[in-house]
Amino acid sequence: MDLRPLPRAFYARPVLSVARDCIGKHLVRDTADGRVVGRIVEAEAYRGPEDRAAHSFGGRRTARTEVMYGPPGHAYVFFVYGLHHHVNLVTTEIDKPHAVLLRAVEPVAGLELMAERRGMPATRRELTNGPGKLCEAFAIDRRDNGIDLTSAPLFLSDGAVCKVARATRVGIDYAGAVWAARPWRFFDPASRYVSKSAGARSRR
DNA sequence: TGAATGATTTACT
DNA sequence: GTAAATCATTCAA
């Protein structure tokens, strides 16, 4: 498998295009313990400042959101609920706080390491089928906030093209019905690792 | 300075 | 199905 990082040009595009195109791509993570690789099967677009569901809504520019205003191709990592991390791809261009949340991957390599970090057998779907879960399996935390995604230790690499389905985003009801209804979640309908297929046209 | 809350996960009834 | 865990960030005073 050829695991070269995608160029910055991949990220320097409209956020919805990046969110759709990263389905099927590989996420590669290197640490002292070794390398883990996953195939991205679910992602969501957040388009601040007009997107009420985005942290950068209203042009909010704080220590936390600062990374999203920087150049595309960097990681925006944040901490929620007192125990979980989420990782985003910063996209588009400088001063446009648009980002793609990675919600789920299919384990491809380094299964043992992921299982050890998650404290469960590598055969379980729960290994990486959620945004907080994949961060734990990939050992991503807020020390990775702002790192460059065009080189190790964290980057996206090419993958096979697959079908991509759309649905509404998850867990953003606080943004109101209008924004919650935007079909800005993209996923591979054939994957068993998608966190929630409900809300999509396909069932099960 | 202090209070409220969340791009969730997990365990328990 | 529901509820608890748990803390950085944000906003108000």
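Below, read A as the first sequence line, B as the second, and so on, with proteins coming before strands; counting in each chain starts at 1. Just so you know, these numbers come straight off a predicted model, no measurement behind them.
Candidate nucleotides dT10(C), dT6(C), dA7(B) were compared by shortest atom distance to the side chain of R60(A), and dT10(C) ranks first. For V170(A), the side-chain atoms get nearest to dT8(B) when compared with the rest of dT8(B), dT10(C), dA7(B). Of the candidate nucleotides dT9(B), dA7(B), dT9(C), dA7(B) has the atom lying nearest to any side-chain atom of H55(A). Nearest nucleotide to the H84(A) side chain, out of dC11(C), dT9(B), dA8(C): dT9(B). Listed candidates were dA7(B), dT6(C), dT10(C). Nearest to the side chain of L83(A) is dT6(C). Closest approach to the Y174(A) side chain among dT9(C), dA7(B), dT10(B) is made by dA7(B) (side chain taken as heavy atoms from C-beta onward). Listed candidates were dT9(B), dT10(C), dA7(B). Nearest to the side chain of P131(A) is dT9(B).
For R13(A) and F10(A), the positive end sits near the middle of the six-membered ring, less than 6.0 Å away and at most 45° from its axis. Y174(A) does not carry R52(A) over the face of its six-membered ring by the limits of under 6.0 Å from the centre and within 45° of the normal.
With rounding to whole Å, W179(A) atom CH2 is found 20 Å from dG6(B) atom C1'. Taking atom CZ on F187(A) and atom P on dA7(B), their separation rounds to 21 Å, with Å as the unit. Separating the CZ atom of R143(A) from the C1' atom of dA8(C) is a distance of 16 Å, rounded to the nearest angstrom. Rounded to whole angstrom, the span from the CZ atom of R142(A) across to the C1' atom of dT6(C) amounts to 13 Å. In this structure, R61(A) places its CZ atom 16 Å from P of dC11(C), rounding to the nearest Å. The NE2-P distance, from H86(A) to dT9(C), rounds to 15 Å in whole Å. At whole-Å resolution of the value, CZ in F57(A) and P in dA7(B) are 14 Å apart. Between the CZ atom of F78(A) and the P atom of dT9(C) there is a distance of 12 Å, given to the nearest Å.
Cluster membership for F187(A) and Y46(A), using ILVMFWY side-chain heavy atoms within less than 4.5 angstrom, is not shared.
At a threshold of 4.5 Å between non-hydrogen side-chain atoms, the residues T128(A) and K133(A) do not count as touching.
Base orientation of dA4(C): anti, the glycosidic angle falling outside 90° of 0.
dA5(C) has no base stacking with the ring of Y81(A) when judged by centroids under 5.5 angstrom apart and an interplanar angle below 30°.
Taking the charged nitrogens against the carboxylate oxygens, K25(A) and D158(A) do have a contact shorter than 4.0 Å, which makes a salt bridge.
Residue contacts for Y76(A): at a heavy-atom cut-off of 4.0 Å it reaches a base atom on one of the strands shown. No engagement by R169(A) is indicated, since no non-hydrogen atom pair under 4.0 Å with the nucleic acid exists.
Both G82(A) and G130(A) lie close to DNA chain B; mapped to their nearest nucleotides by heavy-atom distance, the more 5′-ward contact belongs to G82(A).
Using N1 to N3 plus N6-O4 or O6-N4 for Watson-Crick, or N1-O2 and O6-N3 for G-U wobble, each under 3.5 Å, dA3(B) pairs with dT10(C).
In terms of phosphate contacts, R64(A) brings a side-chain nitrogen or oxygen within less than 4.0 Å of OP1 or OP2 of dT10(C). Using a 4.0 Å cut-off, some side-chain N or O of R118(A) falls inside it from OP1 or OP2 of dT10(B).
The six-membered or imidazole ring of H55(A) lies near that of F78(A), with a centre-to-centre distance under 6.0 Å.
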